[in-house]
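The structure appears right after this line, and notes come after that.
Below, each value reflects all heavy atoms present in this structure, side chains not excepted, and no hydrogens, waters or symmetry copies.
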Amino acid sequence: MKKYQTSLLIAALLLPVANQGATADQAPAVHTIRSPIDRVVIVRLKNKTDMLDGLKQAVAREKIKNAVIISGFGSVTSYQVHVVENTTFPPKDKFTKESGPFDILTVSGMVLDGKVHPHITLSNPQKTTGGHLEPGTFVFTFATITLGILTDSADLTRLDDYTWH
């Protein structure tokens with residue numbers, strides 16, 4: 001038996017043990033989903049484009065249901081993000097908005113059932129900041145975001161559900 005087949009067999013045998021005591025409403029401590037990357041889509045956004053809107057347009061145009069955001073780089077003239085500002089449920093969002101030149105260090109996140117869920121890290125000589133990408137983040141030179149498109153059958157519905165705990 002090949003190594004990966006042995007690993008899959010062991011995982012299949014241990015899965016019921018790992019999830020013992022969990023109900024349908026409880027998330028396992030570690031949840032994994034397997035899906036091959038069907039294709040890669042590279043999105044380039046030009047000067048003055050709202051990044052979130054541009055990503056949504058690309059996802060709609062390419063008919064993307066599920067994807068991982070592999071990378072992103074470029075620069076912006078302004079940004080708006082939100083981050084979690086508390087440690088009790090329900091989470092509360094704190095929004096930050098600023099104008100000025102910022103380099104895009106990373107873009108990460110996913111497309112979950114057609115919904116774009118991106119995070120961004122930005123930097124200038126004074127600071128590094130980031131959070132959940134919001135409308136109002138406008139491209140300066142360009143922004144290039146690479147998406148790894150997953151199979152439509154991948155069930156990603158609970159990945160961003162904070163109530164599943």
Tell me the closest heavy-atom pair linking [X] and [Y], and the distance in Å.
X      : Y      : answer
Pro118 : Leu52  : CG-CD1, 3.8 Å
Val83  : Gly131 : CG1-CA, 3.8 Å
Ile149 : Ala67  : CD1-CB, 3.9 Å
Pro28  : Trp164 : CD-CZ2, 3.7 Å
Gly54  : Leu45  : CA-CD2, 3.8 Å
Met51  : Ala143 : CE-CB, 4.2 Å

Look at the rings of Tyr79 and Phe102 and say which category their plane angle falls in: under 30° parallel, 30 to 60° tilted, over 60° perpendicular.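 If you compare the ring of Tyr79 with that of Phe102, the planes turn out perpendicular.
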For the residue pair Phe95 and His82, categorise the inter-ring angle as parallel (less than 30°), tilted (30 to 60°) or perpendicular (more than 60°). tilted
Applying side-chain contact (heavy atoms from CB on, under 4.5 Å), run through Ile33 and Leu150 and close with a yes or a no. CA-CA 11 Å; Ile33 300 167; Leu150 307 177; over 6 Å; no
How long is the straight-line distance from CZ of Arg158 back to OG1 of Thr163, given to the nearest 0.5 Å?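 Thr163 OG1 to Arg158 CZ: 6.0 Å, rounded to 0.5 Å.
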Is there a path of hydrophobic side-chain contacts, each under 4.5 Å between heavy atoms of I, L, V, M, F, W or Y residues, that connects [X] with [Y]?
X      : Y      : result
Leu147 : Met110 : no
Ile145 : Ile37  : no
Val116 : Phe138 : no
Phe142 : Ile120 : no
Val139 : Leu105 : no

Spell out, as yes or no, whether a donor-acceptor pair under 3.5 Å connects the side chain of [X] to the backbone of [Y].
X      : Y      : value
Asn66  : Leu112 : no
Asp155 : Thr157 : yes
Ser35  : Thr151 : yes
Lys65  : Asp152 : yes

Determine whether His132 and Val81 satisfy the following criterion, side-chain contact (heavy atoms from CB on, under 4.5 Å), listing intermediate values before the conclusion. CA-CA 5 Å; His132 188 284; Val81 296; 5.7 Å; no
Should Pro91 and Asn86 count as side-chain neighbours, where that means a heavy-atom distance under 4.5 Å? yes
Within a strict 4.5 Å, meaning less than it, do heavy atoms of the Asp160 and Lys115 side chains meet? yes
Starting from the C-alpha separation in whole Å, work towards a yes-or-no answer on side-chain contact (heavy atoms from CB on, under 4.5 Å) for Lys127 and Asn124. CA-CA 6 Å; Lys127 70 178 184 177; Asn124 69 13; 3.9 Å; yes
For residues 43-55, which residue pairs pass the side chain to side chain donor-acceptor pair (under 3.5 Å) check, not counting sequence neighbours? Asp53-Gln57
Applying side chain to side chain donor-acceptor pair (under 3.5 Å), which residue pairs with at least one partner in residues 101-110 are found, sequence neighbours left out? Thr106-Thr121
Check each of Val68, Val41, Ile69, Ile42 against Thr146 using the side chain to side chain contact (heavy atoms under 4.5 Å, CB included) test, and report the only one that passes. Ile42
Test Ile104 against Val76 for side-chain contact (heavy atoms from CB on, under 4.5 Å), laying out the working first. CA-CA 7 Å; Ile104 300 168; Val76 299; 3.9 Å; yes
